[in-house]
> 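Take a look at this one; I'll ask things after.
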Protein chains: 2
Amino acid sequence: MKVNLKMLSESLGLSQTTVSRALNGYSDVSETTRQRVIEAASQLGYQPNPQARQLATGRADAIGIVYPFGASDIGDMRFGEVVSGLTERLAEHRIDLLIHSSRPDVELDTYRRLIDGRRVDALIVARTRLDDPRIRFLQERNFPFVAYGRTETALPYAWFDFDNEAGGRMAARRLLELGHRRIALIHAPLDLTFAAQRYKGFITALREAGLEPDPELVIEAPLNRIGGYQAVGRLLAMKKPPTALLVDNNVAGVGALRALGDKGWKPGSGMSLIVYDGIPSEIPLTCTVTGVLQPTGESTGRALADLVLDVLAGKPLADLHRLGQPCVGAGETDGPPPAPARRPRAKALG
Amino acid sequence: MKVNLKMLSESLGLSQTTVSRALNGYSDVSETTRQRVIEAASQLGYQPNPQARQLATGRADAIGIVYPFGASDIGDMRFGEVVSGLTERLAEHRIDLLIHSSRPDVELDTYRRLIDGRRVDALIVARTRLDDPRIRFLQERNFPFVAYGRTETALPYAWFDFDNEAGGRMAARRLLELGHRRIALIHAPLDLTFAAQRYKGFITALREAGLEPDPELVIEAPLNRIGGYQAVGRLLAMKKPPTALLVDNNVAGVGALRALGDKGWKPGSGMSLIVYDGIPSEIPLTCTVTGVLQPTGESTGRALADLVLDVLAGKPLADLHRLGQPCVGAGETDGPPPAPARRPRAKALG
DNA sequence: GTTTACATCCAAAGCGCTTCGGATTACGAT
DNA sequence: ATCGTAATCCGAAGCGCTTTGGATGTAAAC
């Protein structure tokens, strides 16, 4: 038999009010009473009825995420992980995650239903577009939300995104710390946001190390395998080739890897290689490529959850931004520059 | 201002009772009144408060799915799709989907919370194991659920699974219809359920076509690339090699493909090839491999939703089983047997 | 004209929780 | 003694909906 507040309070000889307040941490109940109540509650297996509580408080104790129907590119692979991190963190606050999906054309209707029906306290907007009608919609209604991905809008709002600039900087720094001085970058066209950000990070790291980036070593390549292949060809043809290479995306990265292989390159010897996002494990390889790895979906989910909680707590939106920090994943394709490469240091004096 | 039942009924000069019953399709309200009510409701944008309704009815209007935390194999890629189909179908019945994830060690606690807290009306058990404690738990409590994947248990329960046998049969039939008579099968060890099922389907299709499977053409290969590679080697070394080949998994399939390539095989000419599950598009290929494709995640989700609805409707559990039907996805690696292969038909008479 | 049977409609009692606005008590301060 | 204060506790009024058990009126049956 399901036990409710009334039964619990009667068994304790207290009023429902007191029991309720004891359980909810109000200060106008003595500590001894509170302990008695808590004890009895767990004894009887009391679980407050969420619907009743929600009706009384007006909260829904749930947040929603509307998933674009039929979306199925690589981003989806992470979806399960994000959900995992999200629910994990939200559960700590006894908040449920409600998932809906809807075809893009009726997306706003779904939002309306969720909001007007008071089913959720806040929403997470996934896969934001540059000018996103959903965000405008939510801002107009003044409904709490967090965006997963930045967009362009005048008003402040909470968002989570990945820190591509930090990733580019990290990769470069890693190679610098290994002792490399001639570091090449193969990057995608810079009108792509991620490419521009990673490029900036790379350049920054070099400058921070007191190195002026050699324009010859920074090559723009189309976002495909051929691009990476040909760019590596150009690098290796130089009289003084770089000792390390960062490829800012893994599509060109696959091409670059192939090109290196064709020239007899072996991982760990000769040129060091870091590929942003790593090389998918489906590609048959004999080694693990060192890569800049995005945060896991779980950590993304947790970050989103924290943002939601902050939004609900009423923190100023302008402060609620989080950048997911990538990290350099250990692999076998980077190492110190080859011995002869150390001599140039001495030369640098002369 | 949020409009509630009271306001709506007052604006209509009716009682809350009548308005409620009109909206919920009771028969003791005249059709003209019902129309008036419906009209006014949409006019005022009335949305019933789900918490209040749930409190009154005792339903939660939500079903839950607990996702194993940290699971991240290929199965995950489909998770978003499944959720998509699930929520789509459930939304038609105004039922929400609650997602939780939890580490396996506290999984049952999560179930308990969800059930005792009356947060959901039913659960979906994903990634079932052969002897699944979650299923036992739910059966003991007599809580409605649907399993995504079959397991072993005495009591009947609702489940969804893929029809591997049908898939094997389909693939074989396809090759038979193209005119092949010497069809080889490379299969994984038969203690793996999927392998046994696909094997059975393959054999059945051959027998149905009046063909006795040639044991020489049915090769067991370990579940890896080498396995597929070597098996193909054996097949091609025969004095009378098969004209068609089915590989029952795409891991061995990749190896098989490589072996064929090494022997100068070209898609569409010579041996026909079907690979169960197809070849992942990440593998660089010049052609699309014909494959047996699992149903999409969306359709799986919809099937699960239907099962849940049936369970909640109280249909007998023993009837609530669904097999997801695979289909043969068109590709370029199958076709009629090469011309010389037609002669054996005449020979078959003599 | 009285009954019976329907067709419509409604008052009011919950569902289980929170919370406002006191009540009660104890106790040192005045 | 009287008052103010602080510490505890509680009665009762909701939150917005469903549903039970009639009430009312109207037409067909006797």
Side-chain angles (χ1 to χ4, degrees), chain A residues 1-38 40-41 44-62 94-96 113 115-121, chain B residues 1-38 40-41 44-62 94-96 113 115-121:
Chain A
M1 183 55 216
K2 201 85 191 89
V3 23
N4 58 23
L5 233 209
K6 192 172 167 203
M7 298 161 68
L8 177 58
S9 60
E10 277 168 2
S11 88
L12 279 161
L14 288 170
S15 74
Q16 289 191 38
T17 306
T18 303
V19 175
S20 169
R21 295 179 80 85
L23 256 18
N24 289 318
Y26 280 71
S27 63
D28 63 350
V29 58
S30 74
E31 206 45 49
T32 60
T33 312
R34 189 192 309 283
Q35 287 312 321
R36 264 183 68 216
V37 170
I38 290 175
L44 298 181
Y46 169 69
Q47 293 254 32
N49 177 310
Q51 279 85 32
R53 160 185 260 140
Q54 288 158 14
L55 178 57
T57 59
R59 276 177 290 138
D61 290 330
R94 311 213 137 233
I95 293 179
D96 291 321
R113 267 232 316 284
I115 297 176
D116 293 344
R118 296 172 181 281
R119 294 181 115 82
V120 295
D121 297 321
Chain B
M1 181 57 213
K2 201 84 189 93
V3 22
N4 58 22
L5 233 208
K6 191 171 164 203
M7 297 161 70
L8 177 58
S9 60
E10 277 168 1
S11 88
L12 279 161
L14 289 170
S15 74
Q16 289 192 38
T17 307
T18 303
V19 175
S20 170
R21 296 180 80 85
L23 256 18
N24 289 319
Y26 280 71
S27 63
D28 64 349
V29 56
S30 74
E31 206 44 49
T32 58
T33 311
R34 188 192 309 284
Q35 287 312 324
R36 262 182 68 215
V37 170
I38 290 174
L44 297 181
Y46 169 69
Q47 292 255 30
N49 177 311
Q51 279 86 31
R53 161 189 258 136
Q54 287 158 16
L55 178 58
T57 59
R59 275 178 289 138
D61 291 330
R94 311 214 138 234
I95 293 180
D96 291 322
R113 267 232 318 283
I115 296 175
D116 292 345
R118 297 172 182 281
R119 294 181 116 80
V120 296
D121 297 321

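No experiment lies behind these values; they were computed from the predicted model shown. To find a chain, count down the sequence lines: A is the first, B the second, and so on, and within it residues start at 1.
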> Quick one: list whatever passes side-chain contact (heavy atoms from CB on, under 4.5 Å) with A/R94, sequence neighbours left out.
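Testing A/R94 for side-chain contact (heavy atoms from CB on, under 4.5 Å), a comparison that skips the adjacent residues, returns B/R113.
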> Where along residues 18-25 of chain A does a heavy atom come under 4.0 Å from DNA chain D, residue by residue in number order?
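Output list: A/T18.
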> Just wondering, do A/L44 and A/S11 contact through their side chains at under 4.5 Å, heavy atoms?
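Yes, side chains in contact.
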> Can you pull the salt bridge (Lys or Arg N to Asp or Glu O under 4.0 Å) pairs that have at least one residue in residues 7-21 of chain B, sequence neighbours excluded?
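Every salt bridge (Lys or Arg N to Asp or Glu O under 4.0 Å) pair that includes a residue of residues 7-21 of chain B, provided the two are not neighbours, is B/R21-B/D28.
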> To the nearest angstrom, how far is B/L14 atom CG from D/dT24 atom P?
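Going from B/L14 (CG) to D/dT24 (P), I get 17 Å.
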> Under the side-chain contact (heavy atoms from CB on, under 4.5 Å) rule, collect the residues that match up with A/N24, sequence neighbours excluded.
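Per chain and number, A/N24 pairs via side-chain contact (heavy atoms from CB on, under 4.5 Å) with A/S20, A/Y26, A/R53.
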> Name the residue closer to the 5' end of DNA chain C, choosing between B/Q16 and A/Y46 according to the nucleotide with the nearest heavy atom.
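Residue closer to the 5' terminus by nearest nucleotide: B/Q16.
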> Which of residues 47-58 of chain A sit near DNA chain D, with a heavy atom under 4.0 Å from it?
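Within residues 47-58 of chain A, the residues near DNA chain D are A/L55, A/A56.
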> How about B/L8 and B/L23: do any of their side-chain heavy atoms sit closer than 4.5 Å?
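Answer yes - side chains close enough.
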> At what angle, to 10 degrees, do the two end axes of the helix from C/dG1-D/dC30 to C/dT30-D/dA1 meet, given five pairs define each axis?
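Axis-to-axis angle, ends of the helix: 60°.
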> Under 4.0 Å: is that the gap between some side-chain N or O of A/T17 and OP1 or OP2 of D/dC10?
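A/T17 to D/dC10 OP1/OP2: no side-chain N or O under 4.0 Å.
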> With heavy-atom distances below 4.5 Å as the criterion, would you say the side chains of A/L12 and A/V19 are in contact?
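Yes, their side chains come closer than 4.5 Å.
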